[in-house]
Amino acid sequence: MRHQFHNLFFRSLMALALAATVFTWSAPAQAACLSSSQTRQAVASGQARPLGSLRVNGQILSAKLCERGGGLVYVLSVLNNGNVSQVTLDARTGRRLKSS
C-alpha cells in the first residue's frame, strides 16, 4: 500500500513537472497550444486529464496541451523501442486520436 502511494505520488509529481514545463517541441500548425499556466488551469478545472494519468506505449519525451477542433488535445512525442513518434490524445478522455 505504501509503495503504491509513493508510486502514485511520484507519477503525479512527474505529470505536474511535465505539464508545467514549456516545451520547445512544436505542435502541428492547426493546433493553438496552451501556456504552462493555462495547462495547469485546464487540468485543475477538469477540462484535461493530468498527464500522468494518460496511458501510452513508451516514454513521453515532450508534451503540449493544445486546442483543436473545439476541444483540447495532448500532442506527445513518445519514445518506444528506439523510435520517436508523435501521438495525439483527447485531453479529456485520454483516447488516441492519431499518431505518426
Side-chain angles (χ1 to χ4, degrees):
M1 177 76 165
R2 187 174 186 180
H3 175 68
Q4 289 174 331
F5 173 77
H6 287 291
N7 190 21
L8 179 61
F9 179 75
F10 177 74
R11 289 181 64 158
S12 296
L13 250 134
M14 291 300 296
L16 182 59
L18 280 172
T21 304
V22 176
F23 294 101
T24 58
W25 180 72
S26 64
Q30 70 270 23
C33 297
L34 280 63
S35 68
S36 296
S37 62
Q38 290 170 320
T39 297
R40 285 190 299 273
Q41 289 174 338
V43 171
S45 69
Q47 293 176 315
R49 293 175 63 169
L51 191 57
S53 72
L54 302 175
R55 300 289 176 242
V56 295
N57 292 326
Q59 177 185 359
I60 297 173
L61 300 176
S62 64
K64 281 217 169 259
L65 184 61
C66 305
E67 295 176 339
R68 184 182 297 163
L72 294 174
V73 297
Y74 278 108
V75 180
L76 310 173
S77 179
V78 178
L79 175 65
N80 187 14
N81 294 325
N83 297 311
V84 177
S85 61
Q86 180 179 308
V87 178
T88 304
L89 304 176
D90 181 286
R92 187 176 296 247
T93 65
R95 183 177 60 91
R96 179 174 281 192
L97 301 176
K98 75 170 192 173
S99 60
S100 58

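Note that these values count all heavy atoms, side chains included, but never hydrogens, waters or copies made by symmetry.
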Inset, instruction - Kindly give the heavy-atom pair with the smallest separation between Leu89 and Gly94, and that separation in Å. - result: CD2-O, 3.7 Å
Inset, instruction - Check whether any side-chain N or O of Tyr74 sits under 3.5 Å from a backbone N or O of Arg49 as a donor-acceptor pair, and report yes or no. - result: yes
Inset, instruction - Output the distance between atom OG (Ser77) and atom CD1 (Ile60), rounded to the nearest 0.5 Å. - result: 10.0 Å
Legend entry - Sequence-distant partners of Ser37, side-chain contact (heavy atoms from CB on, under 4.5 Å), two or more places apart: Ser35, Arg40
Inset, instruction - Please name the residue in the list Val75, Thr39, Thr88 that meets the side chain to side chain contact (heavy atoms under 4.5 Å, CB included) test with Cys66. - result: Val75
Inset, instruction - Measure the spacing between CG of Leu65 and CD of Gln41 and express it to the nearest 0.5 Å. - result: 11.5 Å
Inset, instruction - Using the side chain to side chain contact (heavy atoms under 4.5 Å, CB included) rule, take Val87 and Asn57 through it: C-alpha gap first, then chi angles, then the decisive distance, then the call. - result: CA-CA 10 Å; Val87 178; Asn57 292 326; over 6 Å; no
Inset, instruction - Supply the atom-to-atom distance Leu97 CG to Asp90 CG, rounded to the nearest 0.5 angstrom. - result: 5.5 Å
Inset, instruction - Look up atom NZ in Lys64 and atom CG in Leu72, then write down how far apart they are to the nearest 0.5 Å. - result: 13.5 Å
